[in-house]
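Encoded as structure tokens, the structure appears first; notes follow it.
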Amino acid sequence: MMKMPVDTTVYVRPFAAQDAETVASWLQTRTALEQFSARGEAATEGDLLGLVQRAKNDPLIGAYILESATGDIVAFSAGHIEWPFEHVYESEIMLSPELPTRQGWGTLLHGAALTNIFRRRPEVFKVVGRSMRTNQGAAQVMRKLGLTHEGTLRAHVKRAHGHIDLDVFSILRTEWSEGHSASPRVVIVDGDEKC
């Protein structure tokens, strides 16, 4: 298990083909299937390689890797903008299953992902995230970061044992900039350049 680094700098770079195997392995865990898979099955390495290509070719899609100051891949963030709501970015984040719980990783990495979105995408005014009702940890982190619970999509996710509610949270650009001056240092990496 990784320990929270003393240096809380988070490096955010575009998701690349060499990352697909690592993220695919995260998606094979039982917890990931329960908390992140809307279709009840894990995304494959091939699915993720397709995402790499779509993110390169479509400016409305974003896919990023978050690394700790020690160079460990600690999270995967993906999202998109949909017409006609071109000011809204729908975001998902998955943390490495190797991260210990209740040590601040969730808050640190969700905050870094939000900072990345607002810095890279000046057109975005609102970020929306979803959390399955069974994933109370994610809902708690979103509330802690200042996201507003906008509502619940009832019985939105189908499982073999029944349907699960999906909670929807959001934060506006003005709310993020006003309340997060103490957020971790986020370094945006584009290729070999750090912004």
Side-chain angles (χ1 to χ4, degrees), residues 15 23-44 47-48 50-51 54-55 58 60-66 74-118 121 124-176 178-180 183:
F15 180 58
V23 175
S25 72
W26 296 355
L27 293 165
Q28 302 301 318
T29 66
R30 195 188 84 202
T31 301
L33 286 171
E34 290 172 3
Q35 297 178 354
F36 299 104
S37 175
R39 61 185 186 189
E41 58 188 54
T44 66
D47 294 332
L48 293 170
L51 176 60
R54 287 192 307 280
D58 186 342
L60 300 181
I61 296 174
Y64 306 100
I65 287 293
L66 288 75
V74 290
F76 167 70
S77 172
H80 64 279
I81 296 172
E82 280 192 32
W83 182 89
F85 307 107
E86 294 170 350
H87 65 287
V88 178
Y89 187 92
E90 294 191 23
S91 177
E92 301 294 334
I93 184 170
M94 180 180 188
L95 308 185
S96 165
E98 295 178 14
L99 294 175
T101 59
R102 303 190 198 295
Q103 291 188 15
W105 280 104
T107 304
L108 173 75
L109 296 170
H110 279 75
L114 285 167
T115 298
N116 177 56
I117 292 163
F118 285 128
R121 297 183 173 267
V124 169
F125 186 74
K126 178 180 180 180
V127 176
V128 175
R130 295 171 297 263
S131 172
M132 288 191 203
R133 180 60 56 89
T134 55
N135 189 354
Q136 288 302 308
Q140 182 179 4
V141 164
M142 287 191 259
R143 285 186 177 99
K144 186 174 183 179
L145 287 170
L147 280 77
T148 298
H149 181 250
E150 289 205 353
T152 301
L153 302 173
R154 298 178 308 132
H156 201 72
V157 180
K158 185 178 179 181
R159 290 286 188 262
H161 55 79
H163 292 81
I164 300 171
D165 292 346
L166 195 64
D167 289 317
V168 179
F169 294 86
S170 73
I171 191 161
L172 306 178
R173 178 179 291 275
T174 52
E175 295 166 336
W176 184 251
E178 291 168 3
H180 292 86
S183 63

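From a predicted model like this one, the values you see are computed outputs, not experimental measurements.
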Can you name the closest pair of heavy atoms from [X] and [Y] and give their distance?
| X | Y | result |
| --- | --- | --- |
| Ala75 | Leu95 | CB-CD2, 3.8 Å |
| Ala138 | Ser131 | CB-OG, 3.7 Å |
| Val127 | Ser91 | CG1-CB, 3.9 Å |
| Ala113 | Leu66 | N-CD2, 4.0 Å |
| Tyr89 | Ala78 | OH-C, 4.1 Å |

Q: For Tyr64, check ring pair (Phe, Tyr, Trp, His ring centres under 6.0 Å) against everything at least two apart and list the hits.
A: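 Ring pair (Phe, Tyr, Trp, His ring centres under 6.0 Å) check on Tyr64 returns nothing, list empty.
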
With the side chain counted from C-beta on, respond yes when [X] and [Y] share a heavy-atom pair under 4.5 Å apart, and no when they do not.
| X | Y | value |
| --- | --- | --- |
| Ile65 | Phe76 | yes |
| Val141 | Leu109 | no |
| Trp26 | Glu98 | no |
| Asp47 | Leu27 | no |
| Arg121 | Ile81 | yes |

Spatial distance of atom [atom1] ([X]) from atom [atom2] ([Y]) [nearest 0.5 Å]:
| X | Y | atom1 | atom2 | result |
| --- | --- | --- | --- | --- |
| Arg133 | His156 | CZ | NE2 | 13.0 Å |
| His80 | Asp58 | NE2 | CG | 10.0 Å |
| Phe118 | Ile171 | CZ | CD1 | 6.0 Å |
| Trp105 | Leu99 | CH2 | CG | 5.5 Å |
| Ser77 | His110 | OG | NE2 | 9.0 Å |
| Asn135 | Gln140 | CG | CD | 10.5 Å |

Q.
Does Phe15 form a side-chain contact (heavy atoms from CB on, under 4.5 Å) with Leu48? I'd like the steps, not just the answer.
A. CA-CA 9 Å; Phe15 180 58; Leu48 293 170; 4.0 Å; yes

Just to verify, what does [X] make a side-chain hydrogen bond (donor to acceptor under 3.5 Å, both in side chains) with, not counting sequence neighbours?
| X | result |
| --- | --- |
| Arg130 | Glu90, Glu92 |
| Asn116 | Arg120 |
| Glu150 | Lys126, Ser170 |
| His87 | none |

Q.
When you measure from the side chain of Asp165 to the backbone of Ala155, do you find a donor-acceptor pair of N or O atoms at a distance under 3.5 Å?
A.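 Checked: pair present.
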
Q: Any salt bridge (Lys or Arg N to Asp or Glu O under 4.0 Å) involving residues 74-86? Give me the pairs, sequence neighbours left out, ordered by first then second residue.
A: none

